[in-house]
Amino acid sequence: MNVLTKPAVIGSIEELRSRLTDAQSRIESARAGRGEAGLGRPRIVLVPTMGALHAGHLTLVRRARSLGDIVVVSIFVNPLQFGVGEDLGSYPRMLEADVAALAAEGVPFVFAPTSQLMYPDGAASTRVVAGAVGSLFEGAARPGHFDGMLTVVAKLFNIVGPDVAVFGQKDAQQVFLVERMLADLNFRTRIEVVPIVREDGGLALSSRNRALEPAQRAAARALSAGLEAAASVAAQGVGAALQAAHARIDVQPLVKLDYLVVVDPRTFLPVGGEHHGPARMLVAALVGHTRLIDNVALDLP
Ligand code: AMP
């Protein structure tokens with residue numbers, strides 16, 4: 001590995017902030033030395049992750065590089081967004097491999113805090129509340145998940161101070177709720193959303209896919225196949241789209257469907273059968289003990 005591109009792995013808020021200020025000053029002086037004026041303050045771009053990085057995460061990192069001057073990738077398995085009985089303990093953790101992958105992408109800073117640093121009192125005493133949409137779909141299956149997710153996103157934004165943060169469309173409800181939090185709480189950070197990265201065969205990449213056995217992985221492809229079938233008949237309406245997706249998914253005994261819904265992207269609430277215009281189909285299922293989610297845009301004429 002090229003030592004020059006090895007990211008600094010930082011576990012202290014003060015150190016991260018001072019390294020970012022230094023990096024901004026260095027970029028500004030280099031620009032001044034080249035006679036480049038008027039470019040403004042060097043931009044910081046954050047990619048929040050829980051680690052166990054795959055090609056989907058690295059696509060976010062590449063987008064981040066194109067959006068600013070200094071990329072920070074955070075790696076933190078946030079206990080606040082895991083419920084009792086969920087996979088917090090078994091969630092894959094592989095910091096060394098993650099850092100090597102980020103080195104190859106030229107990422108300068110990895111923020112990898114401990115839970116103790118993020119939640120010195122064991123759990124944050126102040127939390128962001130996701131509101132009604134936070135209790136639907138993923139929030140119905142995972143009570144408190146979105147409050148925990150928004151709380152850590154707010155903390156990371158305050159720690160890093162990014163101009164832009166990059167999120168994946170794979171977690172569509174997360175994107176909706178983060179965007180709303182930024183507007184409702186007047187954050188300066190804006191977010192950039194990257195399309196879903198899929199493996200050959202359509203399965204959306206996920207850190208949780210590591211837990212799938214080969215037969216489960218094959219069965220899990222029914223989710224993306226169902227969404228694709230739905231998108232291809234969307235011109236016939238919501239009912240036809242749902243039917244096409246069910247026809248692919250319900251025949252897989254290894255796939256235990258949790259929900260399959262079509263939502264209005266403006267409200268994230270389920271649409272009626274007569275809905276016209278942009279919509280998004282969301283799916284969640286258990287394959288073995290692994291919870292998988294996916295989604296696709298539908299255009300309902
Ligand atoms: P996670 O580590 O699972 O919390 O994901 C970190 C970020 O990567 C989130 O914004 C996810 O939406 C995004 N992400 C995860 N998997 C994918 C994927 N297959 N395609 C695009 N973005 C993804």
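For ligands, and for the atoms within them, numbers begin at 1 and follow the listed sequence.
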> For ligand 1, is there an atom lying under 4.0 Å from some heavy atom of R208?
Replying inline: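 R208: no contact with ligand 1 (<4.0 Å).
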
Looking only at protein heavy atoms, which one is nearest to [atom], and how far off is it?
atom: atom 4 (O) of ligand 1; result: M50 CG, 3.6 Å
atom: atom 22 (N) of ligand 1; result: G168 CA, 3.4 Å
atom: atom 5 (O) of ligand 1; result: H57 NE2, 3.4 Å
atom: atom 12 (O) of ligand 1; result: D171 OD2, 2.6 Å

If we set the cut-off at 4.0 Å for heavy atoms, which region of [X] has an atom near ligand 1: side chain, backbone, both, or neither?
X: R198; value: neither
X: S206; value: neither
X: P195; value: backbone

Do side-chain atoms of [X] reach the backbone of [Y] as a donor and acceptor pair under 3.5 angstrom?
X: N78; Y: G148; answer: yes
X: S74; Y: F111; answer: no
X: R43; Y: V164; answer: no
X: R190; Y: L182; answer: no
X: D98; Y: L53; answer: yes

> In Å and rounded to the nearest 0.5 Å, what is the CG to CZ distance from D69 to R26?
Replying inline: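 Result: 12.5 Å between the selected atoms.
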
Pull out every atom of ligand 1 sitting under 4.0 Å from any heavy atom of [X], numbered as shown with elements.
X: P48; result: 6 (C), 7 (C)
X: V197; result: 18 (C), 19 (N), 20 (N), 21 (C)
X: I196; result: 20 (N), 21 (C)
X: L60; result: 7 (C), 8 (O), 10 (O), 13 (C), 22 (N)
X: L205; result: 16 (N), 17 (C), 18 (C), 19 (N)
X: T49; result: 2 (O), 6 (C)
X: F167; result: 10 (O)
X: Q174; result: 9 (C), 10 (O)

>> Could you check whether E138 pairs with R291 (Lys NZ or Arg NE/NH1/NH2 to Asp/Glu carboxylate O, under 4.0 Å)?
In response: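 The answer is yes: the pair qualifies as a salt bridge.
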
>> According to salt bridge (charged side-chain N to carboxylate O under 4.0 Å, His left out), who are the partners of D171, at least two apart in sequence or on a separate chain?
In response: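 Residues passing salt bridge (charged side-chain N to carboxylate O under 4.0 Å, His left out) with D171: none at all.
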
> Does the ring of F82 carry R142 above it, NZ/CZ under 6.0 angstrom from centre and within 45° of its axis?
Replying inline: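 Geometry flag: set, cation within 6.0 Å and 45°.
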
>> Quick check on the hydrophobic clustering: are M181 and V193 connected, directly or via other members, by side-chain heavy-atom contacts under 4.5 Å?
In response: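 Yes, same cluster.
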
